[in-house]
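Beneath this line is the structure, given in structure tokens, with notes to follow.
Everything numeric here is computed off the predicted structure, so don't read it as measured data.
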Amino acid sequence: TTSVMDDSVLIINCDFYNSTYRAIDDDNSNYLFIQGCSFTDLTNNDNVGAAIKSAAQVLHIKNCDFTNISSGSGSGAVLFSDNDSIYFEENLIVDCPDPGSNGSIIYNSSGYIDIRSSIFWCEEIDNFDQYFDGVWSDEVDIWYSNINVPLPMGVGLLGNIYSNPFFCDPYNGDYSVAANSPVLGA
């Protein structure tokens with residue numbers, strides 16, 4: 001479902017998969033809200049923003065799954081943005097390939113990123129800068145999330161864990177967590 005109201009865009013319960021083009025490209029709205037969407041096996045040939053590219057003033061992404069997203073050697077495979085504020089809640093980023101020395105999973109050229117209750121679990125990624133580029137540690141807060149790399153000093157450290165989330169059957173695309181997962185109740 002996509003809805004445009006005044007200068008706001010709502011994208012709810014959509015599936016984007018198996019494409020070499022960007023799923024969402026929004027340079028015109030003041031508020032972009034994306035909820036309940038699934039982004040799977042996306043690669044963007046222009047090297048930025050395979051899943052989402054946004055210049056909205058406020059961007060809110062909630063309850064979305066991002067699996068195997070790549071932007072070649074560019075930045076912002078999952079998100080390439082120039083937003084004042086980004087709210088990233090209850091999202092899952094898994095199995096995204098290493099973006100290389102010049103790339104990242106999330107790129108924001110300005111503004112603040114607030115990440116809550118999300119899982120970042122890409123086994124090829126082994127440092128914070130491969131997940132986040134264009135932001136300084138005082139511009140990103142990660143709370144109550146599970147991430148497979150250590151967070152640098154200055155990044156919100158409230159309630160984060162760094163352990164295998166125990167997905168039920170990740171090799172067959174089932175990223176629900178097992179009953180013994182450390183992310184339950186975190």
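Among pairs with a residue in residues 171-184, none fulfils salt bridge (Lys or Arg N to Asp or Glu O under 4.0 Å), at least two apart in sequence or across chains. Pairs of residues two or more places apart, or lying in two chains, never qualify as salt bridge (Lys or Arg N to Asp or Glu O under 4.0 Å) while including a residue from residues 52-72. Among pairs with a residue in residues 21-30, those fulfilling salt bridge (Lys or Arg N to Asp or Glu O under 4.0 Å) read R22-D25, R22-D46, at least two apart in sequence or across chains.
S19 places no side-chain N or O within donor-acceptor distance of the main-chain N or O of Y17, the cut-off being under 3.5 Å. Judged by distance alone, the side chain of N44 and the main-chain N or O of Y21 form no donor-acceptor pair under 3.5 Å. No donor-acceptor pair closer than 3.5 Å links the side chain of S81 to the backbone N or O of A55. In this structure, the side chain of S38 does not engage the main chain of F16 through any donor-acceptor pair within 3.5 Å. Listed for the N146 side chain is a donor-acceptor partner under 3.5 Å among the backbone atoms of S163.
Taking the side chain as every heavy atom from C-beta outward, F120 and V78 never approach each other to under 4.5 Å. With a 4.5 Å cut-off on side-chain heavy atoms, F128 and I142 count as touching. Using a 4.5 Å heavy-atom cutoff, the side chains of N83 and S54 are in contact. Residues L79 and L59 are in side-chain contact: their nearest non-hydrogen atoms beyond the backbone lie under 4.5 Å apart.
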Test side-chain contact (heavy atoms from CB on, under 4.5 Å) on D7 and Y31; report intermediate values, then the result.
CA-CA 7 Å; D7 58 354; Y31 181 75; 5.9 Å; no

Please tabulate, one pair per line, all N/O donor-acceptor pairs under 3.5 Å involving side-chain atoms of residues 86-97, not counting sequence neighbours.
residue : atom : partner : partner atom : Å
E89     : OE2  : H60     : NE2          : 2.5
N91     : OD1  : N63     : N            : 3.2
N91     : OD1  : C64     : N            : 2.7
N91     : ND2  : I61     : O            : 3.0
N91     : ND2  : E89     : O            : 3.0
D95     : OD2  : Y175    : OH           : 2.3

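Closest heavy-atom contact between L151 and Y162: CD1-OH, 3.5 Å.
Each of I106, I115, V149 was evaluated against Y131; a single residue qualifies, V149, per the side-chain contact (heavy atoms from CB on, under 4.5 Å) test.
Remark: A77 pairs with I69, S71, I105 by the side chain to side chain contact (heavy atoms under 4.5 Å, CB included) rule, at least two apart or across chains. Contacts of N18 classified as side chain to side chain contact (heavy atoms under 4.5 Å, CB included), with partners at least two apart in sequence or in another chain: D41.
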